[in-house]
Amino acid sequence: MNRSAQWEDDSRADGVADVFARLFAGPADGVWAAPGRVNLIGEHTDYNDGFALPIALPRNTLLAARARTDGRLRLHSAQGEGGITELSVAALAPGAVTGWAAYPAGVVWALAEAGHTVGGADLHFDSTVPTGAGLSSSAALECVVAVAYDALYGLGLPGPELARIAQRAENAFAGVPCGIMDQMASICCTAEAALHLDARTPQDHRQVPLDLRGQGLGLLVIDTRVSHDLADGAYAALRAGCERAAALLGLPALRDVDAGELPKVLRALPAELVPLVRHVVTENARVTEAVSRLREGDAAALGPILTEGHASLRDDYRVSCPETDLAVSAALDAGALGARMTGGGFGGSVIALVEAGREDAVGGSVTAAFGAAGHRPPRLFPVTPAAGARRLAPERGTRRSAGSGGSEVRGLSR
Ligand code: ADP
Ligand code: MG
């Protein structure tokens with residue numbers, strides 16, 4: 001694990017608590033962290049009840065939080081616009097909150113909607129997850145609220161249930177029809193492992209050990225810094241296409257297509273649905289293959305699987321764009337073992353699997369290719385699989401009373 005990067009965020013807990021104390025006149029009950037993610041393989045599969053293999057990034061959204069007894073919800077972010085947003089928990093409803101505050105407020109709403117007794121809170125966020133880069137800053141923002149509320153209100157909910165609540169917030173409250181992968185990754189990932197997710201039964205997720213350094217490998221995240229406007233509408237249309245294909249095939253979801261029967265299945269479908277189904281079915285198979293290779297201790301074998309996955313997203317699912325295609329081809333030309341776009345598509349980030357020590361050379365080549373094509377330089381982050389959501393302060397097992405307006409820390413379930 002890249003411990004220094006992990007600890008960099010963990011060591012920010014005190015600073016975030018200090019800002020909280022100034023903003024909200026008194027100490028926080030605790031500080032929590034939830035990471036962004038990259039998905040190694042298994043893209044656009046979660047909403048088809050399929051498989052994915054994300055890792056958590058050593059970049060986190062930190063939250064200093066204090067429960068309130070008056071039903072008010074006050075939110076502030078070091079990265080958000082304006083000052084403090086103040087809301088009433090009882091008045092939360094889809095459509096009632098716009099802007100960034102919809103993500104955290106949506107989690108409080110979703111907890112209440114699911115029947116949990118939750119009240120207000122003062123919340124201050126500070127994040128090192130780049131926003132809008134396909135690295136799931138939105139899930140990090142939601143998930144850190146979910147784990148903090150779980151502790152502040154003594155809910156004791158399992159990780160996959162908190163992930164489901166966070167996804168519900170993003171779908172119904174923030175209006176983004178995402179699957180459950182991002183939230184599962186942010187909450188359930190562990191350091192030095194990839195999370196083998198079955199979106200049909202998230203509670204049955206498995207940790208697959210992934211010691212990149214030990215295997216002489218590195219993983220480079222390349223944020224292309226482009227985001228194309230068609231992302232939202234196209235995502236919903238692709239999702240609808242997959243649902244229509246499953247209905248035509250008489251299956252609950254595309255995950256239920258038997259890969260051995262794929263040619264026959266494709267012949268039964270209208271032409272426009274063929275590439276969608278081919279991507280989803282082959283992508284699920286790539287996840288299974290990747291997990292087998294990792295279990296055999298051969299992480300380098302992921303390389304060609306990533307590159308095949310990119311071709312499928314580019315040619316069949318058609319969610320890549322010139323910038324992501326260029327980042328992938330430049331990384332491969334520079335000797336990457338494999339590369340693919342990650343996240344929903346139409347921009348965002350690319351991952352490249354490289355031999356350890358080659359991160360700078362590969363990143364430099366991609367930057368040069370972007371310059372030659374007239375694109376802004378990409379942002380580069382070498383990453384290793386990091387820990388999922390967790391409490392940073394106070395240390396597990398300690399309790400302290402909060403000052404004015406605060407309450408005692410309840411529940412130390414996480
Ligand atoms: P991604 O999840 O890939 O980063 P999204 O468009 O799904 O991209 O989410 C980005 C949005 O999430 C931002 O525009 C902002 O509204 C919100 N967001 C994420 N992190 C923060 C933060 N730390 N502070 C305020 N808003 C944030
Ligand atoms: Mg997002």
Side-chain angles (χ1 to χ4, degrees), residues 9 12 15-16 19-20 23 31-39 43-44 46-47 52 54 56-57 59-65 73-85 87 97-107 123-146 148 163 166-187 221-236 239 319 321 324 341-351 378-379 381 383 389:
D9 270 353
R12 292 192 302 117
V16 173
V19 174
F20 177 100
L23 282 167
V31 181
W32 288 262
R37 62 96 189 94
V38 284
N39 188 20
E43 214 64 78
H44 287 279
D46 60 355
Y47 55 81
L57 297 179
R59 285 175 170 258
N60 296 271
T61 298
L62 267 57
L63 165 61
L73 181 61
R74 297 196 292 173
L75 307 126
H76 181 271
S77 169
Q79 289 78 36
E81 291 134 33
I84 295 171
T85 301
L87 304 163
V97 184
T98 55
W100 73 270
Y103 297 94
V107 174
L123 308 176
H124 166 62
F125 302 91
D126 197 348
S127 183
T128 59
V129 186
T131 55
L135 303 177
S136 270
S137 69
S138 59
L141 183 55
E142 294 146 11
C143 291
V144 79
V145 176
Q167 181 204 10
R168 173 92 181 124
E170 182 142 352
N171 291 170
F173 207 87
V176 182
C178 60
I180 198 164
M181 172 182 60
D182 299 350
Q183 292 79 10
M184 278 298 294
S186 186
I187 291 183
V221 174
I222 303 160
D223 170 12
T224 65
R225 299 170 75 196
V226 297
S227 132
H228 294 281
D229 286 346
L230 63 155
D232 290 355
Y235 186 94
R239 206 177 157 146
V319 291
C321 65
T324 49
M341 54 152 279
T342 180
F346 307 106
S349 294
V350 162
I351 52 170
R379 277 186 293 195
F381 319 101
V383 300

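Atoms within a ligand are numbered from 1 in the order they appear, just like the ligands themselves.
Within the model, atoms CG of L63 and CG of L123 stand 5.5 Å from one another, a figure rounded to the nearest 0.5 Å. Expressed to the nearest 0.5 Å, how far CZ of F381 lies from CG of L57 amounts to 8.5 Å. Interatomic distance, SG of C143 versus CG of N60, reported as 11.5 Å (0.5 Å rounding).
For the residue pair S138 and E170, a side-chain donor N or O sits within less than 3.5 Å of a side-chain acceptor on the partner.
Residue, atom and distance of the protein heavy atom nearest to atom 17 (C) of ligand 1 are Y103 CE1, 3.8 Å. What sits closest to atom 27 (C) of ligand 1 on the protein, heavy atoms only, is L141 CD2, 3.5 Å. The protein heavy-atom contact nearest to atom 15 (C) of ligand 1 is W100 CB, 3.9 Å. Scanning the protein for heavy atoms near atom 10 (C) of ligand 1, the closest one is S137 OG, 3.5 Å. Atom 23 (N) of ligand 1 has as its closest protein heavy atom Q79 OE1, 3.2 Å.
Each of the following atoms of ligand 1 lies closer than 4.0 Å to a heavy atom of S77: 22 (C), 23 (N), 24 (N), 25 (C). Residue-ligand proximity, T131 to ligand 1, at heavy-atom distances under 4.0 Å covers atoms 4 (O), 19 (C), 20 (N). Each of the atoms 3 (O) of ligand 1 lies under 4.0 Å from some heavy atom of G134. Annotation for ligand 1: atoms under 4.0 Å from non-hydrogen atoms of L135 are 3 (O). Each of the atoms 23 (N) of ligand 1 lies under 4.0 Å from some heavy atom of S127.
Counting heavy atoms from C-beta on, the side chains of V145 and Y103 never come closer than 4.5 Å. No side-chain heavy atom of V129 sits less than 4.5 Å from a side-chain heavy atom of P35. Residues R37 and M184 fail the side-chain proximity criterion, which asks for heavy atoms closer than 4.5 Å. Taking the side chain as every heavy atom from C-beta outward, E43 and M181 approach each other to under 4.5 Å. Considering only heavy atoms from C-beta on, V319 comes within 4.5 Å of M341 through its side chain. Contact check for D126 versus V19: no side-chain heavy atoms found under the 4.5 Å cut-off.
Scanning both residues, T224 and T324, for their nearest heavy atoms gives CG2-CG2, 4.0 Å. Between A65 and W32 the shortest heavy-atom distance is CB-CZ3, 4.0 Å.
Close N/O approach between G132 and ligand 1 is found [any backbone or side-chain N/O within under 3.5 Å]. Here's the thing with S138: one of its N/O atoms is less than 3.5 angstrom from an N/O atom of ligand 1.
Under 2.8 Å from the Mg ion (ligand 2), one finds the following protein N/O/S atoms: S138 OG.
Residue F125 places no heavy atom under 4.0 Å from ligand 1.
Ring orientation note: the planes of H44 and Y235 are tilted relative to one another, at an angle of 30° to 60°.
For atom 12 (O) of ligand 1, the nearest protein heavy atom lies closer than 4.0 Å.
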